[in-house]
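Just so we're on the same page: letters track the sequence lines, and every chain starts at 1. Just so it is clear, the values below take in all heavy atoms, side chains as well, and ignore hydrogens, waters and symmetry mates.
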2 protein chains.
Amino acid sequence: MKKITIKDIARELNISTSTVSRALRDSYEIGAETKKRVLELAQQLDYTPDPVALSLLNSHSNDIGVIVPDIANPFFATVIAGIEDVAFAQGYHVVIYQSHDSYEREVLNVKHIFNRRKDGLLVSVAANTHDYSHFKDLHDAGFPLVFFDRICEEIDTHKVSVDDFEGAYNAAEHLIQQGCRSIAHISGPQNLLISRRRLHGYRAALMDYKIPINEDLILASDFDAEHSLLLTRRLLQGNIKIDGICASANSIAIGCHAAIVEAGLSMPQDIALIGFSDLPLAGLFNPPLSTVSQPAFEMGRSAAKLLINLIKKPEDNKMLISNVLKTSLIVRKSSLRNG
Amino acid sequence: MKKITIKDIARELNISTSTVSRALRDSYEIGAETKKRVLELAQQLDYTPDPVALSLLNSHSNDIGVIVPDIANPFFATVIAGIEDVAFAQGYHVVIYQSHDSYEREVLNVKHIFNRRKDGLLVSVAANTHDYSHFKDLHDAGFPLVFFDRICEEIDTHKVSVDDFEGAYNAAEHLIQQGCRSIAHISGPQNLLISRRRLHGYRAALMDYKIPINEDLILASDFDAEHSLLLTRRLLQGNIKIDGICASANSIAIGCHAAIVEAGLSMPQDIALIGFSDLPLAGLFNPPLSTVSQPAFEMGRSAAKLLINLIKKPEDNKMLISNVLKTSLIVRKSSLRNG
DNA sequence: GTGAAAGCGCTAACAT
DNA sequence: ATGTTAGCGCTTTCAC
């Protein structure tokens, strides 16, 4: 595992490094004989060009960066699998960054990505990010950038998301159809577009079914089961009787689930619950958790395709694409009153 | 977000690049006045040294690589969080690689890490890896290397693991104490040391309690809930009645859990189940799943500390450390017959 | 058809 | 105290 360079090959063959370089790149101006000798020796020595040297030279790395809030979230882990699926096939390596929902970490990550000459960036923004100038700067510098899931509207680039409005609408409608009339919505951080869109979907469904909206039943939680547990606990102890909860994320749904069980209420008879963004293990819960499922793998694939196209043919991307994927309702026992 | 180089600073100040370089590194041989002007301008221009150029020069990158089978596995996601915790504090960036339990991917990952001049590697080996020469080559080349969880015995370097034998022993003992007498062990791939050690722990517990070991109750599953589901289903349909299952991993336990529920058997009355490696959501299962919990975060921290020490002071590492962490039994309803 | 030289951004001998 | 030069590994003019 010693580092072999073109110098080693040149010395061995008594030719110059430029000849070696050209032979390796199969240049037309190199004699067939020389070419053959170089290629054979390179093969034999297991030569691979030094990516760092190439990077310094060309300002690219064949790496694409991905920033997600947290890889432990199964949704993001699956999106990343989708990204890797297409990136790997195209010869790119995916470098994963976690923001842990911190603005400061996100800014550091962006700098790292820029400085290390990553070829492009896929990002789902941190919950604590209110200022998008780090992304704006990148984008203005011509750096290929694609948002997914937690997208940033203010920056004109490709985006991949799901129809959050429709997903949340369907979830609320489903609870209504199960007979719920006092439905709470535990939302995510309101600065995130996905949270606001999901909330709008909930409101729209209630309005369409002529159910009065009670603002006291609309809460904003962090994407954190502990916080959601606290909020739900307080909600259940309050004096408004509720019979259904729409949770705006899986982490939030987990907190709700725990709070309902803890309160000794039965699901779905006393309170029906539905989450957003499927969990691979939700089916094993007690009771199994209904959710609005998102095509996470496909989202990753789509975002990666858009980014790679942006990297390879920037000129083909005058028209910005906003790919909105469909969600699907997965009804399990936590919300199914008559199954 | 334009790239600022020392050249820009040098030109602006009418001095040479080496002076700038020295001033930036606070060299004693630079005049206080010059130093001040350089520092100020650098600050103002938001100069940061180009890491790629530095990398080419020094053969290091301030990145450490981590190879795990799969980031979607909560255990590995938590280990990575622990690694990042110490690496970040020491100024290292953690680059995550997934082997997806494929030997070929692992080899590619190792090459990438070596070629990109990562400063060191933390690895938990792929289930399909039988040949360790890619690690051996790295290690022989003096590349800092630390194994965690799925360690490789044959290579003489630092290792961090848990006491798999004891954990599995305690799990089996617990089932015995709950009255189980016909206990199956669904193991992981047998080429992995952790699988074999856990199996040994199981055997030892049964022997200590004078329970005859039935080899037909010992199965090897992939780390995959689907596979485990299939095996458990077949086991339950067989003609040997069992009343307890020790699963050798959380993915395996999930398959067992599903199979038992599917068969309409009650947990823990008909069959008591205990897994290995805690899942954050195991407490919400129906019934909640008992497990042998591993200190994943601490494992990551320990491995990262060992690696960084190896990177910074190779000479201090004549004595190899094998850090074996303790597991703890988390008893939940899936195995608690009289609570 | 092949070699010499410059340069990507930076640092460290080697001058002065 | 500061400038000049070489070199990390590679590609690409520019020569011949």
Side-chain angles (χ1 to χ4, degrees), chain A residues 1-39 41-42 45-63 111-112 114-119 141-142, chain B residues 1-39 41-42 45-63 111-112 114-119 141-142:
Chain A
M1 209 130 192
K2 198 222 144 201
K3 268 247 100 73
I4 304 293
T5 73
I6 48 171
K7 260 187 177 168
D8 299 318
I9 299 181
R11 193 174 339 99
E12 184 84 12
L13 262 36
N14 259 308
I15 54 179
S16 76
T17 56
S18 28
T19 305
V20 176
S21 171
R22 276 186 279 240
L24 255 16
R25 330 203 83 240
D26 198 26
S27 162
Y28 65 96
E29 39 183 6
I30 298 293
E33 172 61 16
T34 321
K35 211 178 266 185
K36 185 159 156 283
R37 292 171 61 217
V38 170
L39 255 35
L41 186 57
L45 262 38
D46 192 29
Y47 167 81
T48 32
D50 185 327
V52 178
L54 285 179
S55 210
L56 185 59
L57 205 57
N58 314 319
S59 279
H60 69 74
S61 59
N62 272 307
D63 285 342
K111 285 197 175 143
H112 197 275
F114 183 74
N115 286 330
R116 304 299 170 108
R117 295 172 160 72
K118 303 305 178 204
D119 295 0
Chain B
M1 208 133 193
K2 197 222 148 203
K3 268 246 102 68
I4 305 293
T5 72
I6 48 171
K7 260 188 179 169
D8 299 319
I9 300 181
R11 194 176 337 103
E12 184 84 13
L13 261 37
N14 258 308
I15 54 180
S16 78
T17 57
S18 36
T19 305
V20 177
S21 171
R22 278 186 279 241
L24 256 15
R25 331 200 87 239
D26 199 26
S27 161
Y28 64 98
E29 38 183 7
I30 298 294
E33 171 62 15
T34 321
K35 211 177 264 184
K36 186 158 155 284
R37 292 171 59 215
V38 170
L39 256 35
L41 187 56
L45 262 38
D46 192 29
Y47 167 81
T48 33
D50 185 327
V52 178
L54 285 179
S55 211
L56 186 59
L57 204 56
N58 313 321
S59 279
H60 70 75
S61 58
N62 271 308
D63 284 343
K111 285 198 175 143
H112 197 275
F114 183 73
N115 286 331
R116 304 300 171 105
R117 294 170 159 72
K118 302 305 178 204
D119 295 0

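Thr5(A) comes within 4.0 angstrom of sugar-phosphate atoms only, judged by non-hydrogen atoms across all strands, and of no base. Residue Arg25(A) is classed as a sugar-phosphate contact, given heavy-atom separations below 4.0 Å to backbone atoms only. As judged by a 4.0 angstrom heavy-atom cut-off over every strand, Ser55(B) is placed among residues making no nucleic acid contact. Within the nucleic acid shown, Tyr47(B) comes within 4.0 Å of sugar-phosphate atoms alone, with no base atom in reach, counting heavy atoms only. Note on Lys3(B): nothing from the nucleic acid sits closer than 4.0 angstrom, heavy atoms only.
Proximity note for Ile6(A) (side chain, C-beta onward) versus dA1(D), dC10(C), dT11(D): the nearest is dT11(D). Comparing dG7(D), dT2(C), dG3(D) against the side chain of Leu57(B) picks out dG7(D) as the nearest. Among dC8(D), dA13(C), dG3(C), the nucleotide with an atom closest to any side-chain atom of Arg22(B) is dA13(C).
Dashed line: the shortest gap from a side-chain N or O of Ser21(A) to OP1 or OP2 of dT11(D) is under 4.0 Å. Close to dC10(D), at under 4.0 Å from its OP1 or OP2, lies no side-chain N or O of Lys7(A). Phosphate proximity of dT2(C) to Thr34(A): present, with a side-chain N or O under 4.0 Å from OP1 or OP2. Applying the 4.0 Å criterion to OP1 and OP2 of dG3(D), one finds that Ser16(B) has a side-chain N or O inside that range.
Residue Lys35(B) holds its NZ atom at 7.0 Å from CD1 of Ile30(B), rounded to the nearest 0.5 Å. Rounding to the nearest 0.5 Å places CD1 of Ile9(A) at 5.5 Å from CG of Leu24(A).
The CG atom of Asp50(B) sits 12 Å away from the P atom of dC8(C) (whole-angstrom rounding). When the P atom of dT11(C) is taken as reference, atom CD1 of Ile9(B) falls 11 Å away, rounded to whole Å. Atom P of nucleotide dT2(C) and atom CD1 of Ile30(A) are separated by 5 Å, given to the nearest angstrom. Spacing between atom CZ of Arg116(A) and atom P of dG9(C) amounts to 16 Å, rounded to whole angstrom units. Rounded to whole Å, the distance from CG on Asn58(A) to P on dT11(D) is 8 Å.
Side-chain atoms of Ser18(B) come within donor-acceptor range of the base of dT4(D), with a qualifying N/O pair under 3.5 Å.
No hydrogens or angles considered: a donor-acceptor pair under 3.5 Å links the side chains of Thr19(A) and Ser16(A).
Side-chain N or O atoms of Ser61(A) include none that pairs as donor or acceptor with a backbone N or O of Ser55(A) at under 3.5 Å. The main-chain N or O of Thr5(A) is found under 3.5 Å from a side-chain atom of Asp8(A) such that the two form a donor-acceptor pair.
The nearest heavy atom of DNA chain C to Thr17(A) and to Tyr28(A) marks one nucleotide each, and the one closer to the 5' end goes with Tyr28(A).
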